[in-house]
2 protein chains.
Amino acid sequence: MKQKVYSCGLDAAVDVVGGKWKAMILWALHTQHRRFGELKRHVPGISEKMLIQSLREMEAVGLVHREVYHEVPPRVEYSLTEFGVSLNEALEPLGEWGEKHMRRIAEARCVHEPVG
Amino acid sequence: MKQKVYSCGLDAAVDVVGGKWKAMILWALHTQHRRFGELKRHVPGISEKMLIQSLREMEAVGLVHREVYHEVPPRVEYSLTEFGVSLNEALEPLGEWGEKHMRRIAEARCVHEPVG
DNA sequence: CAGTATCCTGTTAGATACTG
DNA sequence: CAGTATCTAACAGGATACTG
């Protein structure tokens, strides 16, 4: 990957939480730390591939902490770092906005193909 | 497009501001209304295709208003609706977060291919 | 349980050329 | 100026099968 140059803060933020799943994963971690399987249940529709991929990227940026317990069966717990918590807080207003206008958004985004 | 069902507010919000450009376009409109060409200059790197496409989608959701002036040469001005303004406000903390941690993010996201 | 490894597809976005 | 049209590349993401 090339040197990234962001043109504004939003650009950088979107680069980090962008994609279909990261914001939701972050949200799922905002109260407690969770195991891989737990997360999978908490983010409905996500595949194992996308879950681990998103987690790894967020771990690389320092948003998420991964703790391995060497037990049988294996246990791995994911949690937010301080950095992750701060991002989550920054994301909160957006989440509320989406919540509030969900119906309107859903309606606007499903009537794309005119009937007939 | 199928009926959309969002699993949370963030999901819905990301569906609306997602992609590479929309958040930045919204931002570029947050102070004043702007013409097509102005926007292009204000969102560095965007192609005309992506600009118009993003604008149209945001117009369809009601975030952006498009005003055509029948002059020669043609003039079209884009501005935020009330709805767009509210989204922009919800986006502000995220923008600030990105601004604050830009360097860290850029560093974390460019060292992907190990040397040699 | 917590992943990896492939293969495959649809969508996103870039390039280029053209128009009212 | 403000777009449209077309083609193509790249990537995100899904499906499926396998592993320590």
Side-chain angles (χ1 to χ4, degrees), chain A residues 1-2 4-7 11 14-25 28-29 33-61 64-79 109-110 112-113, chain B residues 1-2 4-7 11 14-25 28-29 33-61 64-79 109-110 112-113:
Chain A
M1 187 163 294
K2 291 293 167 51
K4 290 235 176 180
V5 179
Y6 299 115
S7 42
D11 190 10
V14 164
D15 190 41
V16 156
V17 274
K20 207 171 173 180
W21 304 110
K22 285 178 194 164
M24 288 176 61
I25 296 173
L29 287 172
H33 29 140
R34 292 190 195 279
R35 306 177 57 170
F36 186 83
E38 259 183 302
L39 273 175
K40 212 172 72 176
R41 279 188 300 279
H42 243 82
V43 183
I46 196 169
S47 67
E48 296 186 339
K49 177 189 158 190
M50 289 318 295
L51 179 53
I52 194 67
Q53 188 175 303
S54 306
L55 283 169
R56 288 276 145 88
E57 286 178 32
M58 292 165 92
E59 199 193 343
V61 198
V64 161
H65 174 71
R66 178 173 179 268
E67 187 78 41
V68 184
Y69 298 87
H70 291 279
E71 306 170 352
V72 180
R75 181 159 66 104
V76 178
E77 289 200 344
Y78 293 91
S79 56
R109 306 228 9 135
C110 80
H112 276 174
E113 348 259 292
Chain B
M1 187 163 294
K2 292 290 167 53
K4 290 233 175 180
V5 180
Y6 300 115
S7 42
D11 192 9
V14 164
D15 190 40
V16 157
V17 274
K20 208 172 172 179
W21 304 109
K22 285 178 194 162
M24 286 175 62
I25 295 173
L29 287 172
H33 29 141
R34 292 189 193 278
R35 308 177 57 169
F36 185 84
E38 261 183 301
L39 273 174
K40 213 172 73 175
R41 281 189 299 280
H42 242 82
V43 182
I46 197 170
S47 67
E48 296 186 340
K49 177 190 157 191
M50 290 317 295
L51 180 53
I52 194 68
Q53 189 175 304
S54 307
L55 282 170
R56 290 274 143 87
E57 286 179 33
M58 292 165 91
E59 199 193 343
V61 198
V64 161
H65 173 71
R66 178 171 179 270
E67 187 77 42
V68 184
Y69 299 87
H70 292 281
E71 307 172 352
V72 178
R75 180 158 68 102
V76 178
E77 290 199 346
Y78 293 91
S79 56
R109 307 228 9 136
C110 81
H112 276 173
E113 348 259 292

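Only a predicted model underlies this, so the values are computations on that prediction, with no experimental measurement involved. Sequence lines set the chain letters: A, B, ... in the order given, protein chains first and strands last, and positions in each chain run from 1.
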How long is the line joining [atom1] of [X] and [atom2] of [N], in whole Å?
X        : N      : atom1 : atom2 : result
A:Arg41  : C:dA2  : CZ    : C1'   : 12 Å
A:Asp15  : D:dC11 : CG    : P     : 13 Å
B:Glu77  : D:dG3  : CD    : C1'   : 16 Å
A:Glu57  : D:dG13 : CD    : P     : 9 Å
A:Arg109 : C:dT11 : CZ    : C1'   : 12 Å
B:Arg34  : D:dC1  : CZ    : C1'   : 17 Å
A:Leu51  : D:dA12 : CG    : C1'   : 15 Å
A:Phe36  : C:dA2  : CZ    : C1'   : 6 Å

### Task
Have a look at B:Tyr78 and say if it touches a base, only the backbone sugar-phosphate, or nothing, with a 4.0 Å heavy-atom cut-off.
sugar-phosphate
Non-hydrogen atoms of [X] and [Y] that approach each other most closely:
X        : Y       : result
A:Trp21  : A:Pro44 : CZ3-O, 3.8 Å
B:Val16  : B:Lys22 : O-CD, 3.3 Å
A:Arg66  : A:Val68 : NH1-CG2, 3.6 Å
A:Met24  : B:Ser7  : CE-OG, 3.0 Å
B:Tyr78  : B:Leu29 : O-CD2, 3.4 Å
B:Arg109 : A:Asp15 : NE-OD2, 3.0 Å

### Message
Quick check for you: among C:dC1, D:dC1, C:dA2, whose closest atom lies nearest to any side-chain atom of B:Pro73?
### Response
D:dC1
N/O (side chain, [X]) to phosphate O (OP1/OP2, [N]) under 4.0 Å:
X       : N     : answer
A:Arg75 : C:dA2 : no
B:Arg66 : D:dG3 : yes
A:Arg56 : C:dA2 : no

### Query
Using Watson-Crick and G-U wobble pairs whose two distances are both under 3.5 Å, how do you write the pairing of DNA chain D as dot-bracket, with | for links to another strand?
||||||||||||||||||||
### Message
Check whether A:Arg34 reaches the backbone of A:Ala28 with its side chain - one donor and one acceptor, N or O, closer than 3.5 Å.
### Response
yes
### Query
Should B:Leu55 and B:Leu39 count as side-chain neighbours, where that means a heavy-atom distance under 4.5 Å?
yes
### Query
Which letter, B, S or -, goes with each nucleotide of nucleotides 14-20 of chain C from 5' to 3', with contact meaning a protein heavy atom under 4.0 Å?
BB----B
### Query
Hey, what do you get for CZ (A:Arg35) to CZ (A:Arg75), rounding to the nearest 0.5 Å?
6.0 Å
